[in-house]
Amino acid sequence: MWKSISLVVLGVLLVVGLAGSTPPPADARVSPPISVFLADDVTEPQKRAVEARLRAVPDLSELVFESREQAYARFAELFEDEPAMVEQVQPEDLPESFRFTLRDRAAFDRTVAGPLPAELRELASVDDVVYPGGPKQEQESVSRCVHDFPALPAVPGMSTSVPLDVRVMLDDRISEADRRAVEARLRAVPGATGVRLETAEQAAARFRELFADVPETAGLGRPELLGDSLLLRLADETAVARANDTELDVELCRMPGVELVSIPPKILR
């Protein structure tokens with residue numbers, strides 16, 4: 001379902017704001033925080049360069065650096081009732097980041113609408129720039145959304161059964177209009193035989209069933225950690241291979257309200 005438990009947890013952290021991407025303040029005049037997540041191999045000179053660039057942002061109010069250890073401490077506090085989950089994550093699994101706020105909401109709006117987010121994302125030392133209230137495609141990179149399965153070689157004795165469901169995980173804030181747009185795009189995929197909604201509650205029940213024998217995952221089978229998904233059923237293996245050979249996953253990831261796209265792997269004969 002996912003690449004690893006750590007990836008699931010990191011996704012949760014980005015959504016709930018452990019590293020600074022908290023929901024917009026109730027007072028619309030106050031600047032929400034903007035988080036700049038650093039690359040795993042960032043060097044000290046690169047960190048200083050990012051900090052210097054951020055200190056030059058007009059109307060800067062506060063700039064805070066958060067180390068991996070500080071992020072982990074906040075994570076452990078956030079999930080103190082889920083010790084099994086905490087045990088699956090180490091400080092090195094979490095990114096370092098800078099979090100900054102601006103003088104007021106007007107300054108925030110000018111900054112996120114300007115060239116700064118794109119400029120920061122172009123830096124090799126920056127993994128992503130995240131802020132609340134902005135367009136989905138500006139807050140998360142498409143690469144994080146695409147769940148990339150490699151093609152599998154045919155192996156004697158291996159089951160030739162190919163999963164036929166394309167899974168599109170939805171943001172819990174997706175509008176009804178955006179959800180219908182995603183569903184319409186899925187129905188237009190060649191070989192589509194149907195699209196159905198799997199609710200967060202259904203996904204949680206399925207997760208608990210799949211991982212019933214893995215006690216370390218007990219705390220992850222909760223609806224609030226999973227969310228709703230649209231499942232596209234493809235007609236056959238040929239349709240799966242065709243979907244793999246297109247940019248369908250990237251196209252879907254660019255649609256508002258889409259969190260993750262998973263296309264089954266094709267088998268190389």
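Counting heavy atoms from C-beta on, the side chains of Pro32 and Phe108 come closer than 4.5 Å. Side-chain contact between Leu120 and Leu54 is present, with heavy atoms from C-beta onward closer than 4.5 Å. Proximity of Leu38 to Phe98: side-chain heavy atoms (C-beta onward) are separated by under 4.5 Å at one or more points. By the 4.5 Å heavy-atom criterion applied to side chains, Thr246 and Glu251 are not counted as neighbours. Asp59 has its side chain out of reach of Val57: every pair of non-hydrogen atoms, C-beta onward, lies at least 4.5 Å apart. Two residues are said to be in side-chain contact when any heavy atoms from C-beta on lie closer than 4.5 Å; Asp178 and Val182 fail this criterion.
Under a hydrophobic clustering in which Ile, Leu, Val, Met, Phe, Trp and Tyr are joined whenever their side-chain heavy atoms come within less than 4.5 Å, directly or via other members, Val64 and Phe75 fall into different clusters.
The distance from the CG atom of Leu164 to the CG atom of Leu231 is 12.0 Å, given to the nearest 0.5 Å. Interatomic distance, CD of Glu237 versus CG of Asn244, reported as 10.5 Å (0.5 Å rounding). Distance check, rounded to the nearest 0.5 Å: CG of Leu232 to CG of Leu230 gives 9.5 Å. In this structure, CG in Leu102 is found 12.0 Å from OH in Tyr131, a value given to the nearest 0.5 Å. From Arg105, atom CZ reaches atom CZ of Arg110 across 12.0 Å, with rounding to the nearest 0.5 Å. Rounding to the nearest 0.5 Å places OG of Ser35 at 6.0 Å from CZ of Arg99.
Between the side chain of Asp109 and the backbone N or O of Ala106, no donor-acceptor pair lies under 3.5 Å.
Of all heavy-atom pairs spanning Leu60 and Thr101, the tightest one is CD1-O, 3.6 Å. The nearest pair of heavy atoms linking Gly191 to Ala239 is CA-CB, 4.1 Å. Closest approach of Gln70 and Phe65 over heavy atoms only: OE1-O, 3.5 Å. Here the shortest heavy-atom pairing between Arg68 and Asp40 reads NH2-O, 3.4 Å. The minimum heavy-atom distance linking Gln46 with Ser125 is given by the pair CB-CB, 3.7 Å. Of all non-hydrogen atoms in Thr111 and Pro117, the two that sit nearest each other are O-CD, 3.5 Å.
Residue Ser229 is tested with Glu259, Arg167, Glu198 for a side-chain hydrogen bond (donor to acceptor under 3.5 Å, both in side chains); the sole match is Arg167.
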Test side-chain contact (heavy atoms from CB on, under 4.5 Å) on Val166 and Val189 and set out the steps. CA-CA 10 Å; Val166 173; Val189 172; over 6 Å; no
Between Arg185 and Leu248, does a side-chain contact (heavy atoms from CB on, under 4.5 Å) hold up when you go through it step by step? CA-CA 10 Å; Arg185 178 63 188 92; Leu248 174 63; 3.9 Å; yes
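A salt bridge is defined here as a Lys NZ or Arg NE, NH1 or NH2 lying under 4.0 Å from an Asp or Glu carboxylate O, and Glu209 with Arg206 fails to meet this definition. Between Lys47 and Glu51 no salt bridge is recorded (no basic side-chain N to carboxylate O distance below 4.0 Å).
Residues meeting the side-chain contact (heavy atoms from CB on, under 4.5 Å) test with Ala200, sequence neighbours left out: Pro223, Asp228.
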